[in-house]
Structures are given as C-alpha cells and as structure tokens.
Number of protein chains: 2
Amino acid sequence: MVKPPSGPGPERPRRLGIKEIARRAGVAPMTVSRALNDPEKVSPDTRARILELVEREGFIPNQLASSMRSGRRIIGTMVPPLINSGIAEQVQGMSDVCHASGHQLLLIQGDFTPDAEENAIRALLGWQPAGLILQAFVQSPAARQLLQAGTAPIVEISEVRGHEPLDMAVGVSNFETAYAMTSHLVDKGYRRIGFVSTPVHGNDRLQQRRIGYRQALLDRGHRYEAPLEVELPITPAGGADAVQMLTEIDPAVDVIFCSSDTLAIGAVQECHRRGWKIPDRLAIAGYGDVDLAVQLFPALTTLRVNRYAMGRRAVEQLLRRLHGETDVPRIETLGFEIIDRESA
Amino acid sequence: MVKPPSGPGPERPRRLGIKEIARRAGVAPMTVSRALNDPEKVSPDTRARILELVEREGFIPNQLASSMRSGRRIIGTMVPPLINSGIAEQVQGMSDVCHASGHQLLLIQGDFTPDAEENAIRALLGWQPAGLILQAFVQSPAARQLLQAGTAPIVEISEVRGHEPLDMAVGVSNFETAYAMTSHLVDKGYRRIGFVSTPVHGNDRLQQRRIGYRQALLDRGHRYEAPLEVELPITPAGGADAVQMLTEIDPAVDVIFCSSDTLAIGAVQECHRRGWKIPDRLAIAGYGDVDLAVQLFPALTTLRVNRYAMGRRAVEQLLRRLHGETDVPRIETLGFEIIDRESA
DNA sequence: CTGTTAGCGCCTTCAG
DNA sequence: CTGAAGGCGCTAACAG
C-alpha cells in the first residue's frame, strides 16, 4: 500500500452540481434532490423542468455526498482470486442483485495472508458499506474484531457445517456434497476410491469435503491400508499429478474423486495421454460442474452447486436485513446435485 | 434498477470518528487527520499518542468524506461477464495495481445492451472515480458523451487497430494476432483452414481476428470456394458444433482455428468423441492460452496474450495520467506469442 | 408543494 | 507544530 493518491489536483472543470441545476431551474437545491429521489413530492411541471435540465446537462448526482448524508449503498466484498474457479459466477450473481437494488459492488480480491486480509477488510470498511460479503476465509483475529465492531451486516459464503458465522452465512455443506459423491461412487461399484484436493490446511471447505469422503467410505465399510488421498494445487496439472501419485500408492485404484473439476479435467487429460480408457481403466469424478464438464470427452461425472445462486442469495440476505426484516435465517444452506455422466 | 436503498436507517451505534479520537487524545481533529496522512508534520509524541488510540479503537477513516474533500480514489470499471473468459485475469491485474496504489476498484459487470451500458456508466460516474477502465464496447452515443464530458481519464481495454479511443487504450491488435496464427498454420502445411468465432457483429476484436485470418489467407494465396467460417457461441459446445459444421462445408478441412480456447477445447473433445486423431485427422488451434491449454490432450496450440498484464497496464496508464505525466501514450499495444504445441 | 437550516466526516487553508 | 474556520455535495428535518 502506497500512500493515497494525489492531492486535490488542478482545478478540473468540475462537473456541475445540484446547486447549479437548481439555480438554472429557478428552484432550491432541495427541490432538485426531491425531483430525483422522490418525484411524487414535486409538482409535475417543476419536476418536468428539472428533469429536462438534468438530462440536458448530463447531471449525475454525487454518490459520495449522497451516501454520506443518507443511506449507504456500497456492498463490499472480499474474494479469493477470480481466476480458475466458480468465484466469477458468484461475483456475477452478487453483481446482478446489487445493481437491481441500487447498490454498488466494491471488490477486493487477492490471495490473502492474514495480514493482507486485515488490510482488505479495513479498506472495505472505510467505504462505509451497507453490508459485506466475504468469500475468503477470515483468519486473523484482528480482522474478526474489526468486523464485529462494525455495524454492517455480513454474509460469509462458506462451508455451513461446523462453522459459526460472524453474522450470516450462505453455502453448502461440503461434508454432505462429498459424502454424497463418495457414496454414489461406492454404489456404482467402485472399490478403491482415491481423493485429491488442494491443501486443506486452513480451508474448511476442503477439510469438510475430505471428511465427507472419509465418512462415506467408513459408513460403507471401505477400508484402505494406505489412505488414497493426495493434496495438490488446484490446476489441471495437479489433476494429472494425482493420477500419477494415486496409482503409485495403489495400482488398483479404480476411481479418483477430484475435489474440483479443474483437477478432474487435468486427470482426464492425463488418462488420454496414457492411453487409458475412462472409466474402464480409471474413472474420474469432479466437483463443480463447470461449463466444460458436459462437453469433455468423456463427459464428466461431477457435482453441481449453483455458485451464481449463492452470490445472489448472499446479497439478498444482506438486503433483507437492511430492509429491517428480523426473521432472516442466520445460515442458508443451498442444495446440490450429482451429475452422473460418463467419466465415472 | 429499483429506487435507492433505505433511508438513514435506525440510529446504529455509529463507528467513532476523527472528532472523538481527537477529543480523547486531547488534540484538534485536524491533528489526528495529519497524524494519519502526513505523519511527519506532527510531533513524535502527539503522533504516537494518536496512533495508539486509533489502533486501539479500531478507527477507520471514512473514505467517503475523505474522497469528497481531497482526492478521488475510486477506479471504476465496466466489464463483460466474468464467467468464461480471460476477463477474470484482467480484473485481477487491475485489482492488484489498484490496491498497491491505494485505490479501490468499483466493478460493474453485465451483458450490456446500449441502454444498460449507459446506466452502468452513469452509475460509475456518480462515484466520482479518479479514472475509468472500460472493457466492454461502448456503443451508445449518449454514453460516449457522458464520458467525454467528464474529467476522469479513461482507458479502454480493446482492439487497438482502427479504433479511435475515447481517451487511452490498452490492448493487442487482434488483426495481427489472428494474422500471425493463420500464417503459422499455413507455414505448418495446412491447406484448408477453418475459422470459428462468436458472432462478430458489434465486436471489433472478433471482427479484427476474422479480418486478420482472411488477410493472411489472401497473402499466402489460399482461396476457398466456400468460406470456411462459422459463427458460434463461445462455449465448448460451440467448438463441438464448429467441427460438425465446418466438416460439412468442406470435408477436407484440415485445421480449425478457434478464436477462443474455449471453442478449441470443445472442438478437441468433439474429435475424441468421433475417434478422430488430433492433429492428423483434424488439427485444432486456439486463442488465449488458458490454464488448461497446456494440460489438454493433445496439448493445445494457441496464442497467448497476457490478460493479467493488460489489466495492470490499464490501471498504470490511468495512474500515470493522474500523477500528471504528460507523455502517456494514447495507445499501448501489448505483445503476444504463438504457443506451438501438439494440437496443430 | 417548496424552501431553509444544518450537518454527514473529513481536510484545505490560513492563522497562530 | 497545532488549531479554527469553513466547505466538499447532498439531503433529513422542519418550517412555511
């Protein structure tokens, strides 16, 4: 963080304000404000005169000033890197609801260390957001404190199981999803089910997925000598490596459950490269149902959670709270769906 | 767009402000402000006292008020849907530079009709942005006018060829990139080179790619009876359809140049599905070098433009202008690279 | 229906 | 080095 930008700058030709519009329309500034925000409270012809002027001059109210005096209208969000994940869809969902409700989305993204995270939250809070949506894991206690001291409602998009939200939460139970997929694979007759995820350390979603996977195996009476689990970066290359590593651990592994489609796609490519038939020689299951999943050869068996809906829902929760609804559920669990295709 | 949010709301426990900090520190508000923004101008011990208090109370300056009085520190951006494209990387690049320079990114995204576009620009402008970055095509004349009337510098991330930017532009020449790839394919000995793109109407980048493709063929003396061109949605399914359609137009087509990796990946899958060897039976080339390209089987021959860098550069241009540099180039053309892998 | 007053929280400017 | 005054542009609250 460098020090804030330049000073007041040279006297740029200031865009004209409400006062000037008022003067030209021969009314008080307040009347212009009303014509814009509360048109019924102004007589039709004054209103017409004002709006015509506004239109002609291209007047755009200063939201900074407006938010200061009346309601806040920024919704701040902190997200992990947009690249390579369903995050983009979530942001899209958030964005859509925000705009439909007259809010603006202020976005902070990055790969957060606890320190950077605290800064990000500080930055967000400085803009007096009406609400906050956090999609990154809040780790630092300082950040937590900052958030709790604040007045803005907060929605975390997160694992909903075993996580006490700061305020509200929207998400799926990653435990359940992974449990369901693993059971599904067992039911399809697979005997040696491998599991890949990114490093789960400090990421409760992935942790829950792994626990769900393990629990499902346990419940179905599967027990392996060596755990068929690896941790790899969430890239196609990671998926390819998973094939390598898991077949080394146990050559008899017959399906790999990848905790992300990205991994799964990489794994599928690796099989092609080896000339392995999918799902006969090795089956692959993913998580996420990205666009490509259905088009992949062979089409990817995966698990769909509606990320776009999650983004929407998050903002909607915020809005309900802002509108003063009192019965807004603290935790909103969204559904999921196993998409059984060809790869497993 | 619904009418703006709720009123002032109930009297929430207002986060304490600079005045309160000042009172507790036994100084004037101004001194607190200085301690925060211009520490050298305050005596070491007053400063220490103030900062300690700020820290302890979790005071966060109100950026709204601050931006109003002094410099603007929002950078507004309008982007097409983040889903399914390199846009996310661009946003990441923008975001990174913004935060490093103490700015905030205000994001508006959507699938823009001219009307929605105008609204989006209005919305952005209302926040008094220090600068604007536009990645969507500005179509409506009203929007153009709004932008030109404003005082904020503007960077368009766009096609750089044959496009007169509103203010500044950063981008690649899509003509050159497509020309280069097409030539490359000719040089590799392909004789019947098909081309897929999304509907080019109103999208000058795609238009330029197609023109580049055509020009390269012309320059190399390739002439086809029926044009080997199709327009399809930029999805994997579109890529699959392209294989279908182009081989119908001309069964002898030996390579398909896809104007996006997404299309290319879909095309590759379709070949697998048909049991066609790539590149022997049909070769595929992409555009973009997404993550998966290198991992795909067979690895995708494609063209790399550094979208992250584009995002960074866009903000950097803005900042240079804001810092008063006068020799900022109007158009910044970034390079590209043909990545020759296995698929073509 | 319209206008006046006052002030959101901060910072520029000018005076100690 | 520190403080007081005043205002950025807008709108709540209260007159008229």
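Scope of the values below: all heavy atoms of this structure, side chains included, with no hydrogens, waters or symmetry mates. Letters go in sequence order (proteins before strands), and every chain restarts at 1.
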What is the distance, to the nearest angstrom, from the [atom1] atom on [X] to the [atom2] atom on [N]?
| X | N | atom1 | atom2 | answer |
| --- | --- | --- | --- | --- |
| B:Leu125 | D:dG9 | CG | P | 15 Å |
| A:Lys19 | D:dG7 | NZ | C1' | 8 Å |
| B:Ile18 | C:dC8 | CD1 | C1' | 14 Å |
| B:Lys41 | D:dG3 | NZ | C1' | 14 Å |
| A:Gln63 | D:dC10 | CD | C1' | 10 Å |
| A:Leu64 | C:dG7 | CG | C1' | 17 Å |
| B:Asn62 | D:dC10 | CG | C1' | 14 Å |
| B:Arg23 | D:dG3 | CZ | P | 15 Å |

Would you say a side-chain N or O of [X] is under 4.0 Å from OP1 or OP2 of [N]?
| X | N | result |
| --- | --- | --- |
| B:Ser67 | C:dC10 | no |
| A:Ser43 | C:dT2 | yes |
| A:Ser66 | D:dT11 | yes |
| B:Asn37 | C:dC11 | yes |

(message) With the threshold set at under 4.0 Å for non-hydrogen atoms, list the residues of residues 25-34 of chain B touching DNA chain C in residue-number order.
(response)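 Those residues are B:Met30, B:Ser33.
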Going by heavy atoms in the side chains, are [X] and [Y] under 4.5 Å from each other?
| X | Y | answer |
| --- | --- | --- |
| B:Leu105 | B:Ile133 | no |
| B:Ile154 | B:Leu134 | yes |
| A:Leu51 | A:Leu36 | yes |
| B:Ile108 | A:Gln104 | yes |

Side chain of [X]: nearest nucleotide among [options]?
| X | options | value |
| --- | --- | --- |
| A:Arg69 | C:dG7, D:dA12, D:dG9 | C:dG7 |
| A:Val42 | C:dC10, D:dG9, C:dT2 | C:dT2 |
| B:Ala65 | C:dC10, D:dA12, D:dG9 | C:dC10 |

(message) Just checking A:Glu325: does its CD atom have more than 12 heavy atoms from other residues, nucleotides or ligands closer to it than 6.0 angstrom?
(response)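 Enclosed: over 12 neighbouring heavy atoms sit under 6.0 Å from CD of A:Glu325.
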(request) Decide if atom CD of B:Gln145 counts as having more than 12 heavy atoms of other residues, nucleotides or ligands within a radius under 6.0 Å. (result)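 Not more than 12 within 6.0 Å, no.
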Counting only pairs under 3.5 Å, give me each side-chain donor-acceptor contact of residues 18-30 of chain B, with atom names and distances, residues two or more places apart or in other chains.
{"from": "B:Glu20", "atom 1": "OE1", "to": "B:Arg23", "atom 2": "NE", "distance (Å)": "3.3"}
{"from": "B:Glu20", "atom 1": "OE2", "to": "B:Arg23", "atom 2": "NH2", "distance (Å)": "2.8"}
{"from": "B:Glu20", "atom 1": "OE2", "to": "B:Arg24", "atom 2": "NE", "distance (Å)": "3.0"}
{"from": "B:Glu20", "atom 1": "OE2", "to": "B:Arg24", "atom 2": "NH2", "distance (Å)": "3.4"}
{"from": "B:Arg24", "atom 1": "NH1", "to": "B:Glu57", "atom 2": "OE2", "distance (Å)": "3.1"}

